[in-house]
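Sequence lines set the chain letters: A, B, ... in the order given, protein chains first and strands last, and positions in each chain run from 1.
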Amino acid sequence: MSYTLVFFDLETTGLDTERCDIIQIAAVCGTRVFNAFTVPRCAITGEASRLTGFSVAGGLLLRRGEAVPTVSLPQALASFVEFLGSFCGPVYLAAHNANRFDAPVLQRMLREFSLLRRFQGAVSSYLDTFLLTKRMLTNFYSYSLPYMVERFLGKTYAAHNALEDARMLQELFQALKPGRNAVMKCLISTQT
DNA sequence: TGCCAGGCCCTCTTTAGGGCCTT
């Protein structure tokens, strides 16, 4: 049975998956793209702000000082679920370190806005590409996304922009060509 | 200044501990 892989990434206010808020949700599947920004409800940590370039001033979301168009968090999440629901199943939602970061944050947000059931109807599993690359490739200096992209695609890119991270993750996956069995071993159910 | 989260993986392991990766 075939499956659809959608590559995604979140930019958030920090690393605490129980408390952080989403700033950017981005996803790619082939040439189809989703990208949404939202004004976070809690403060952006200094480290997250330094890495992503995001800040909030006067109720506006700024990236490196320039205002970014935003929608409300529930609007962003509902649009994301609608985007995911437009693909033929089963749909796997892939992120680098999904198991430990992106999936817990997204699941918590979807539950908060009563969107989890709809999401679970569209997406059967997450795919953790960090686990996948660690299992596929041994004895590497690093398994971070920027390092993997530089090593296998020969590119440096604007890391910590969710859309660029998702695009690079898709390219990396296409370059590495993991087997179906390797992919299946790194899936995490959305039914939590 | 340096610490802050945390499940998985590895190994100098299993009666444990440290590093990784994500923002």
Side-chain angles (χ1 to χ4, degrees), chain A residues 5-28 35-56 61-65 68 70 73 76-77 80 92-112 123 125-153 156-173 176 178 181-192:
Chain A
L5 268 178
V6 179
F7 298 86
F8 91 113
D9 188 45
L10 301 177
E11 300 305 323
T12 69
T13 55
L15 286 174
D16 188 340
T17 56
E18 294 297 319
R19 293 172 186 80
C20 70
D21 220 356
I22 290 174
I23 299 173
Q24 183 185 12
I25 308 173
V28 298
N35 191 27
F37 298 93
T38 187
V39 179
R41 299 167 295 178
C42 62
I44 304 173
T45 66
E47 187 67 3
S49 188
R50 186 185 68 77
L51 283 172
T52 64
F54 286 119
S55 60
V56 175
L61 178 67
L62 310 177
R63 185 160 61 181
R64 287 182 282 280
V68 175
T70 58
L73 179 55
L77 290 167
F80 186 44
Y92 301 150
L93 194 52
H96 210 61
N97 209 21
N99 189 40
R100 273 300 304 127
F101 190 76
D102 301 87
V105 173
L106 186 60
Q107 293 280 114
R108 175 169 61 83
M109 294 287 171
L110 292 166
R111 190 174 287 113
E112 178 180 347
V123 177
S125 300
Y126 293 97
L127 170 62
D128 191 327
T129 56
F130 169 58
L131 287 180
L132 182 66
T133 50
K134 275 195 87 170
R135 287 174 183 175
M136 281 180 72
L137 312 162
T138 54
N139 298 321
F140 269 73
Y141 163 75
S142 167
Y143 295 88
S144 73
L145 184 55
Y147 180 80
M148 289 279 114
V149 166
E150 185 177 358
R151 175 71 175 73
F152 288 97
L153 303 180
T156 55
Y157 73 102
H160 299 296
N161 174 334
L163 183 54
E164 286 306 301
D165 281 329
R167 281 182 170 139
M168 286 300 111
L169 187 58
Q170 178 172 250
E171 274 195 48
L172 178 66
F173 188 92
L176 292 177
N181 285 345
V183 169
M184 294 301 149
K185 286 176 183 171
C186 296
L187 296 181
I188 302 128
S189 174
T190 59
Q191 308 292 319
T192 58

* For dT14(B) versus dC8(B), give the span between their C1' atoms, rounded off to a whole number of Å. => 16 Å

* **Check: F7(A) ring centroid to F173(A) ring centroid under 6.0 Å** => yes

* To do: Please report, rounded to the nearest Å, how far the C1' atom of dT22(B) is from the CD1 atom of I22(A).
  => 13 Å

* Begin from the C-alpha positions of Q24(A) and R63(A) and carry the test side chain to side chain contact (heavy atoms under 4.5 Å, CB included) through to its verdict. => CA-CA 11 Å; Q24(A) 183 185 12; R63(A) 185 160 61 181; 4.1 Å; yes

* Can you tell me the distance, in whole Å, between the CG atom of L145(A) and the C1' atom of dT22(B)? => 10 Å

* State whether T17(A) places a side-chain N or O below 4.0 Å from either non-bridging phosphate oxygen (OP1 or OP2) of dT23(B). => no

* **Gap in Å between the two C1' atoms, one belonging to dT1(B) and one to dG17(B), rounded** => 25 Å

* Structure fact -> Those residues at least two apart in sequence (or on a different chain) that pass salt bridge (Lys or Arg N to Asp or Glu O under 4.0 Å) with R64(A) are none

* Asked: Any donor and acceptor pair, going by atom type alone, linking the side chain of T38(A) with main-chain N or O of L73(A) inside 3.5 Å?
  -> yes

* Report the distance from atom CE of M148(A) to atom P of dC20(B), rounded to the nearest whole Å. => 13 Å

* **Approximate separation, where rounding is to 0.5 Å, of L145(A) CG and M168(A) CE** => 9.0 Å

* Asked: If the C1' atom of dC21(B) is compared with that of dC4(B), how far apart are they to the nearest Å?
  -> 16 Å

* To do: Please report, rounded to the nearest Å, how far the P atom of dG7(B) is from the NE2 atom of H96(A).
  => 19 Å

* **Flag, side chain of D165(A) to backbone of D9(A), donor-acceptor distance under 3.5 Å** => no

* **5' precedence on DNA chain B between N99(A) and D16(A) (nearest-nucleotide basis)** => D16(A)

* Could you state the CG-P distance from L137(A) to dC20(B), rounded to the nearest angstrom? -> 17 Å

* How would you label the contact of D165(A) with the nucleic acid (heavy atoms, under 4.0 Å): base, sugar-phosphate, or nothing? -> sugar-phosphate

* Roughly, in whole Å, what's the span from CG in L15(A) to C1' in dC21(B)? -> 9 Å

* **5' precedence on DNA chain B between D9(A) and E18(A) (nearest-nucleotide basis)** => E18(A)

I'd like a table of atom pairs between the protein and nucleotides 2-4 of chain B - only N or O on both sides, under 3.5 Å - with the distance next to each one.
none

* Asked: How far, in whole Å, is dG18(B) from dC3(B) if one measures between their P atoms?
  -> 14 Å

* **Interatomic distance at P, dG19(B) relative to dT13(B), whole Å** => 16 Å

* Among the candidates dT23(B), dG6(B), dC8(B), find the nucleotide nearest to the side-chain atoms of N97(A). => dG6(B)

* Nearest-Å distance, CD1 (I23(A)) to C1' (dT22(B))? -> 14 Å

* Given dT23(B), dC21(B), dG6(B), the nucleotide with the shortest approach to the side chain of S144(A) -> dC21(B)

* Asked: Starting at CZ of F130(A) and ending at P of dG19(B), how long is that distance when rounded to a whole Å?
  -> 14 Å

* Tell me which nucleotide among dC8(B), dC21(B), dG7(B) gets nearest to the side chain of L131(A). => dC8(B)

* Do F140(A) and F152(A) make the cut of ring centroids closer than 6.0 angstrom? -> yes

* Asked: Is the side chain of S142(A) donor-acceptor paired with the backbone N or O of Y147(A) at a distance under 3.5 Å, no angle test?
  -> no

* Asked: So what does S49(A) hit on the nucleic acid, given a heavy-atom distance under 4.0 Å: a base, only sugar-phosphate, or nothing?
  -> nothing

* Report which part of the nucleic acid I44(A) touches: base, sugar-phosphate, or nothing (heavy-atom distance under 4.0 Å, all strands). => nothing

